[in-house]
A.B. asks: 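Can you keep this structure in mind? I'll have questions shortly.
Side-chain atoms are counted along with the backbone in the values below, which use heavy atoms only and exclude waters and symmetry mates.
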Amino acid sequence: QVQLVESGGGLVQPGGSLRLSCAASGFTLDAYAIGWFRQAPGKEVEGVSCISRNNGNTYYTDSVKGRFTISGDNAKNAVYLEMNTLKPEDTAVYYCAKLRRNFYGFCGFRRDQYDAWGQGTQVTVSS
C-alpha cells in the first residue's frame, strides 16, 4: 500500500526553524520524485519544493528560495524539508506527494502531476 506520512510540524516563532519529514512506504523514493505542497488558511494548495529523481535537482517556489532545503535519504525512504527563517506567511498545512510515474521523475508544482498524498502536518509561525 502506497503511503506517505508527514511529521515535524508545530508552532514556531518568526525567524525560527523546523524540519519536516515525509516517510514513504509501498514504493521506493529513489524511483520517484517527491514534492512538498502547502495550503494556508483561505488559500489554494501551493507547490513549495520538489526533488527530481533523474538528476537530483531541487526546485523551490520563489517565496521560499534561500530559506527552505529539500533533501532525500534513500536508505530511510524519506524526504525532508528544512525550513529556516520562517515567516508568518509560511503558516499552512504541509503535504508531501509522489510524482506520477509517467512524468519520468521531472517534478513540478501542478497537483495533477502527483498521485499519492500524505495527510499533512501543521506549521504555525506566530509570535
A.B. asks: Tell me, please, which residues at least two apart from Gln119 pass side chain to side chain contact (heavy atoms under 4.5 Å, CB included).
C.D. replies: none
A.B. asks: Restricting to pairs with a member in residues 97-127, which pass disulfide (SG to SG under 2.5 Å), not counting sequence neighbours?
C.D. replies: Cys50-Cys107
A.B. asks: Rounded to the nearest 0.5 Å, what separation is found between the CZ atom of Phe106 and the CG atom of Leu99?
C.D. replies: 10.5 Å
A.B. asks: Report the residues that fulfil side-chain hydrogen bond (donor to acceptor under 3.5 Å, both in side chains) with Asn84, sequence neighbours left out, ordered by chain and then residue number.
C.D. replies: Ser17
A.B. asks: Has the side chain of Arg19 got a donor or acceptor atom that lies under 3.5 Å from a matching backbone atom of Glu82?
C.D. replies: no
A.B. asks: Please list all pairs meeting salt bridge (charged side-chain N to carboxylate O under 4.0 Å, His left out) that have one or both residues in residues 97-109, counting only residues at least two apart or in different chains.
C.D. replies: Lys98-Asp115
A.B. asks: Taking atom CD1 of Ile34 and atom OH of Tyr114, what is their separation to the nearest 0.5 Å?
C.D. replies: 8.0 Å
A.B. asks: Please enumerate all residues that pass side-chain hydrogen bond (donor to acceptor under 3.5 Å, both in side chains) together with Lys65, with sequence neighbours excluded.
C.D. replies: Asp62
A.B. asks: Quick one, Ile51 and Asn57 - any side-chain contact, counting heavy atoms below 4.5 Å?
C.D. replies: no
A.B. asks: Test Thr69 against Tyr60 for side chain to side chain contact (heavy atoms under 4.5 Å, CB included), laying out the working first.
C.D. replies: CA-CA 8 Å; Thr69 302; Tyr60 303 90; 3.9 Å; yes
A.B. asks: Any pair with a residue in residues 10-34 that passes ring-ring contact (aromatic ring centres under 6.0 Å, His included), sequence neighbours left out, goes on the list, sorted by first then second residue, please.
C.D. replies: Phe27-Tyr32
A.B. asks: Sequence neighbours left out, what passes side chain to side chain contact (heavy atoms under 4.5 Å, CB included) with Tyr94? Give chain and number order.
C.D. replies: Leu20, Trp36, Arg38, Val48, Phe68, Leu81, Met83, Asp90, Ala92, Thr121, Val123
A.B. asks: Grab the two heavy atoms, one from Tyr59 and one from Ser52, that are nearest each other, plus how far apart they are.
C.D. replies: CE1-OG, 3.6 Å
A.B. asks: Would a distance-only check, ignoring hydrogens and angles, find a side-chain to backbone donor-acceptor pair under 3.5 Å from Asn74 to Asn77?
C.D. replies: no
A.B. asks: Under 4.5 Å between side-chain heavy atoms, hopping through other hydrophobics if needed: is there a path connecting Leu86 to Tyr80?
C.D. replies: no
A.B. asks: Report yes if the side chains of Pro14 and Pro88 come closer than 4.5 Å at any heavy-atom pair, otherwise no.
C.D. replies: yes
A.B. asks: Once side-chain hydrogen bond (donor to acceptor under 3.5 Å, both in side chains) is applied, do any residues pair with Asn102, and if so which ones, sequence neighbours excluded?
C.D. replies: none
A.B. asks: Search all heavy atoms of Tyr95 against all heavy atoms of Gly118 and return the closest pair with its distance.
C.D. replies: CD2-O, 3.4 Å
A.B. asks: State which residues pass side-chain hydrogen bond (donor to acceptor under 3.5 Å, both in side chains) with Thr124; sequence neighbours excluded, sorted by chain then number.
C.D. replies: Gln122
A.B. asks: Atom CG of Leu11 and atom OG of Ser127: how far apart are they, to the nearest 0.5 Å?
C.D. replies: 10.0 Å
A.B. asks: Val45: what forms a side chain to side chain contact (heavy atoms under 4.5 Å, CB included) with it, not counting sequence neighbours?
C.D. replies: Phe37, Gln39, Arg111
A.B. asks: If the condition is side chain to side chain contact (heavy atoms under 4.5 Å, CB included), which residues does Ser7 pass it with, not counting sequence neighbours?
C.D. replies: Ser21
A.B. asks: Can you get from Val93 to Trp117 by hopping between Ile, Leu, Val, Met, Phe, Trp and Tyr side chains that sit under 4.5 Å apart?
C.D. replies: yes
A.B. asks: I would like to know whether Lys87 and Ser63 meet side chain to side chain contact (heavy atoms under 4.5 Å, CB included); could you show each step before the answer?
C.D. replies: CA-CA 10 Å; Lys87 304 175 180 179; Ser63 64; over 6 Å; no
A.B. asks: Any pair with a residue in residues 69-105 that passes disulfide (SG to SG under 2.5 Å), sequence neighbours left out, goes on the list, sorted by first then second residue, please.
C.D. replies: Cys22-Cys96
